[in-house]
Amino acid sequence: MLPYNIHHVAIAVEDLDAALEGFADQYGFEVLSRETVEEQKVEEAMIAVGGSHIQLLQPTDPMSPVGRFLSRNGEGMHHIAFAVADIEAALEHLKERDVVLVDESPRIGGGGHRIAFVHPKALAGTLFELVEVVHDG
Ligand code: CO
């Protein structure tokens with residue numbers, strides 16, 4: 001039950017509209033979806049890049065995790081998300097290896113997907129996210 005793909009690379013931005021315009025102008029990428037995720041206090045947009053995505057995150061609250069990331073680091077890469085078929089099994093796999101998790105159990109993220117974050121101190125100083133991708137139809 002290991003990841004089979006990179007679902008998205010997430011980038012924290014100060015101004016979502018400006019960033020979307022930049023991705024459209026410079027690369028011709030189009031916006032797939034845009035929504036506010038209250039639980040994470042972000043407005044997020046997904047851009048399709050082949051079979052994967054770039055996720056842009058603009059905090060709605062400066063004290064939120066993404067808000068604090070921006071004030072510490074400025075704009076830039078925030079996390080890499082792996083697609084998994086079964087998020088419970090993927091979390092179990094990591095727990096068996098004593099991997100430090102941010103989320104011990106799945107929660108609901110953008111697009112209604114079940115997600116969980118793995119702590120950046122676990123590997124390569126990078127925040128990883130697991131996304132359970134459910135295909136409808
Ligand atoms: Co993400």
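Just so it is clear, the model here is predicted, and its values are computed rather than measured. Hydrogens, waters and symmetry mates play no part in the numbers below; they use all other heavy atoms, side chains included.
The two residues Asp15 and Ala18 have their closest heavy-atom pair at OD1-N, 3.1 Å. Among all heavy-atom pairs drawn from Val99 and Ala122, the shortest one is CG1-CB, 3.7 Å. Between Ala45 and Val31, the closest heavy-atom pair is CB-CG1, 4.4 Å. Between Gln40 and Ile108 the shortest heavy-atom distance is NE2-O, 4.3 Å. Across every non-hydrogen atom of Pro106 and Ile87, the tightest pair is CG-CG2, 3.6 Å. Across Val118 and Leu130, no two heavy atoms sit closer than the pair CG2-CG, 4.5 Å.
Each of Phe117 and Val66 belongs to its own hydrophobic cluster when Ile, Leu, Val, Met, Phe, Trp and Tyr are linked at side-chain heavy-atom distances under 4.5 angstrom. By the criterion of side-chain heavy atoms lying less than 4.5 angstrom apart, applied directly or through intervening Ile, Leu, Val, Met, Phe, Trp or Tyr residues, Leu57 is not grouped with Met77; the two fall into different hydrophobic clusters. Residues Leu20 and Val9 are members of separate hydrophobic clusters, defined by side-chain heavy-atom contacts under 4.5 angstrom among Ile, Leu, Val, Met, Phe, Trp and Tyr. Follow the hydrophobic side-chain contacts under 4.5 Å out from Val84 and you reach Leu94 in the same cluster. Residues Val100 and Val102 fall into different hydrophobic clusters, defined by Ile, Leu, Val, Met, Phe, Trp and Tyr side chains chained together at heavy-atom separations under 4.5 Å.
Here the NE2-CG distance, from His119 to Asp103, works out to 11.0 Å after rounding to the nearest 0.5 Å. Between the CD1 atom in Ile11 and the NE2 atom in His79 there is a gap of 10.5 Å [rounded to 0.5 Å]. Here the CZ atom belonging to Phe29 is positioned 5.5 Å from the CD1 atom belonging to Ile54, to the nearest 0.5 angstrom. From His8, atom NE2 reaches atom CD of Glu44 across 7.0 Å, with rounding to the nearest 0.5 Å. In this structure, CZ on Phe128 lies 13.0 Å from CG on Leu101, to the nearest 0.5 angstrom. The NE2 atom of His93 lies 15.0 Å from the CD atom of Glu88; values are rounded to the nearest 0.5 Å.
Side-chain contact, His7 with Gln55: no donor N or O sits under 3.5 Å from an acceptor N or O.
Panel note: side chain Glu75, backbone Glu14; a donor-acceptor pair is recorded below 3.5 Å. Judged purely by atom type and a 3.5 angstrom limit, Arg114 has no side-chain atom pairing as donor or acceptor with the backbone of Arg107.
Below 30°, between 30° and 60°, or above 60°: for His78 and Phe69 the angle between ring planes is above 60°, a perpendicular geometry.
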Exercise. Please report the C-alpha distance between Glu35 and Met46 in whole Å, then the side-chain angles of each, then the deciding distance to 0.1 Å, and finally whether the side-chain contact (heavy atoms from CB on, under 4.5 Å) criterion is met.
Key: CA-CA 9 Å; Glu35 67 186 300; Met46 281 289 194; over 6 Å; no
Exercise. List the steps, then state whether side-chain contact (heavy atoms from CB on, under 4.5 Å) holds for Phe23 with Val49.
Key: CA-CA 11 Å; Phe23 277 101; Val49 184; over 6 Å; no
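Partner Asp17 forms a side chain to side chain contact (heavy atoms under 4.5 Å, CB included) with one of Gln58, Arg34, Glu43 and no other, that one being Arg34.
Open room surrounds CD on Glu30; 12 or fewer heavy atoms of other groups in view lie less than 6.0 Å from it. Within 6.0 Å of NZ in Lys121 there are 12 or fewer heavy atoms belonging to other residues, nucleotides or ligands.
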